[in-house]
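A quick write-up on the structure given underneath.
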2 protein chains.
Amino acid sequence: MKELKQRSTCPVSTSLDVLGDKWTLLILRDMVFADKSTYGQFLQSAEKIATNVLVDRLAVLESHGILTKVVASDKKSKFTYSLTEKGIDTIPIIVELILWGTKHWPTVINPVLLKELQAEKDTAIQKYQRLARQKASV
Amino acid sequence: MKELKQRSTCPVSTSLDVLGDKWTLLILRDMVFADKSTYGQFLQSAEKIATNVLVDRLAVLESHGILTKVVASDKKSKFTYSLTEKGIDTIPIIVELILWGTKHWPTVINPVLLKELQAEKDTAIQKYQRLARQKASV
DNA sequence: TCTTTGTACTTGCAAATTGCAAGTAAATAT
DNA sequence: ATATTTACTTGCAATTTGCAAGTACAAAGA
């Protein structure tokens, strides 16, 4: 159980103490928008996270109650990671990163998703939060 | 002029290539919500950024067109950093970090600002973006 | 004019983190 | 019985960070 060392009491600073690196939010992105839930699936993403970094980030996220780790329903040798409500609440952050990235950098994204986020952001966020809750309750 | 190395074409990944560390968004937070605009002011923040890290992040942000650096109007030996539109567009990200932090961690924040963000998020974002534009145009 | 202060860095170095390659271990499939 | 899948662990080099100190130049004060 890793404890959080807050650099200050500022909420931005504290959020960055948890999420402020190049990998953590990519794991959450994969869970929300790519339906990934296992160690092996996270490893396969385009950004090629190193195995030790992935293990570390999953442990930190679990220790902070952002996701949970349970034995998979199909295999005993497999674990499934699910978002908690605290994790589901990061979806608005990820959405804003999507919108800023697509607006200001050369990126590639599912155009249906992009239009959904641009036209009805709050509705789309609620939809993906609902979907995440469904996945988590299986 | 530092070039951006994108780990992938995903907009989340690319946004994190730029903003994904513990310090960059704190500088932007200080510019938007604490009216800071000089090297010395950034150094004084509660999180105590190291001087070499601050210099590096300011240079990266400038090279990516997120902020501009100009000689201050009052002193020739002083520089003023201002947000560009690309920088102003990060305000929704910062706001979501504020909301996630205040909801899930022990933090301290101006209650007026928090209520403003919770009750009328979009309106408040527009307000702070407008204020940032005013500062930048002085 | 000389000194001090303010502002913005630069430098050196130890510590921590990351990235990469390889190896391990238990459960499952053949 | 053997091979494969899944989830790690380990070792090590390279990079990044954090800390302390020093530099450079403009402005203000004596």
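Chain letters run A, B, ... following the sequence lines, proteins first and then strands; every chain starts at 1. Values below: all heavy atoms of this structure, side chains included; hydrogens, waters and symmetry mates excluded.
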Check: Between atom CG in D56(B) and atom C1' in dT15(D), what is the gap in whole Å?
Finding: 12 Å
Next item on the list: Grab the CG-P distance between L54(A) and dT17(C) for me, whole Å please.
Entry: 17 Å
Item checked: Which nucleotide in dC19(D), dC20(C), dT17(D) has an atom nearest any side-chain atom of V53(B) -> dT17(D)
Note to self: Are the side chains of E47(B) and R29(B) in contact, using a 4.5 Å heavy-atom criterion?
What the structure shows: yes
Check: Between F33(B) and Y128(B), does the ring centroid distance fall short of 6.0 Å?
Finding: yes
Notebook entry, point to check: So, K48(B) versus S8(A): side-chain donor-acceptor pair below 3.5 Å or not?
Noted result: no
Checklist line | Phosphate OP1/OP2 of dG18(D): any R7(A) side-chain N/O under 4.0 Å | finding: no
Checklist line | Parallel, tilted or perpendicular: ring planes of W105(A) versus H64(B), cut at 30 and 60 degrees | finding: perpendicular
Next item on the list: Could you check how far CG of D74(B) sits from P of dA28(D), rounded to whole Å?
Entry: 9 Å
Margin query: What contact category does K48(A) fall into here, base, sugar-phosphate, or nothing, at under 4.0 angstrom with non-hydrogen atoms?
Written below: nothing
Next item on the list: Examine distances only and state if a side-chain atom of K36(B) and a backbone atom of I27(B) form a donor-acceptor pair shorter than 3.5 Å.
Entry: no
Check: Is the shortest side-chain N/O distance from W23(A) to OP1 or OP2 of dG19(C) below 4.0 Å?
Finding: yes
Dump the pairs, protein N or O against N or O of nucleotides 1-5 of chain C, anything under 3.5 Å, distances to one decimal.
none

Identify the pairs formed between an N or O of the protein and an N or O of nucleotides 7-9 of chain D at a distance under 3.5 Å, and give each distance.
{"unit_1": "dA7(D)", "atom_1": "OP1", "unit_2": "F79(A)", "atom_2": "N", "d": "3.2"}
{"unit_1": "dA7(D)", "atom_1": "OP1", "unit_2": "F79(A)", "atom_2": "O", "d": "3.4"}
{"unit_1": "dA7(D)", "atom_1": "OP2", "unit_2": "G40(A)", "atom_2": "N", "d": "2.9"}
{"unit_1": "dC8(D)", "atom_1": "OP1", "unit_2": "K69(A)", "atom_2": "NZ", "d": "3.0"}
{"unit_1": "dC8(D)", "atom_1": "OP2", "unit_2": "K69(A)", "atom_2": "NZ", "d": "3.4"}
{"unit_1": "dC8(D)", "atom_1": "OP2", "unit_2": "Y81(A)", "atom_2": "OH", "d": "2.7"}
{"unit_1": "dT9(D)", "atom_1": "O4", "unit_2": "T51(A)", "atom_2": "OG1", "d": "2.7"}

Check: Can you tell me if Y81(A) and Q41(A) form a side-chain donor-acceptor pair at under 3.5 Å?
Finding: no
Item checked: Test salt bridge (charged side-chain N to carboxylate O under 4.0 Å, His left out) applied to E120(B) and K115(B), step by step -> CA-CA 8 Å; E120(B) 293 284 355; K115(B) 277 176 190 158; over 6 Å; no
Margin query: Just the rounded figure in Å: distance from C1' of dT15(D) to NZ of K22(A).
Written below: 13 Å
Check: Does D21(B) offer a backbone N or O that forms a donor-acceptor pair with the side chain of T24(B) under 3.5 Å?
Finding: no
Note to self: Between D122(A) and K121(B), is the salt bridge (charged side-chain N to carboxylate O under 4.0 Å, His left out) condition met? List the steps.
What the structure shows: CA-CA 11 Å; D122(A) 293 353; K121(B) 184 161 74 181; 5.3 Å; no
Margin query: By nearest atom, which of the nucleotides dC19(D), dT18(C), dT6(D) is closest to the R57(A) side chain?
Written below: dT18(C)
Checklist line | d(NZ, K75(B); C1', dC25(D)) in whole Å | finding: 12 Å
Notebook entry, point to check: Whole Å only: how far is the CG atom of D17(B) from the P atom of dT18(C)?
Noted result: 14 Å
Margin query: What is the separation between atom CD on E47(B) and atom C1' on dT17(D), rounded to the nearest whole Å?
Written below: 16 Å
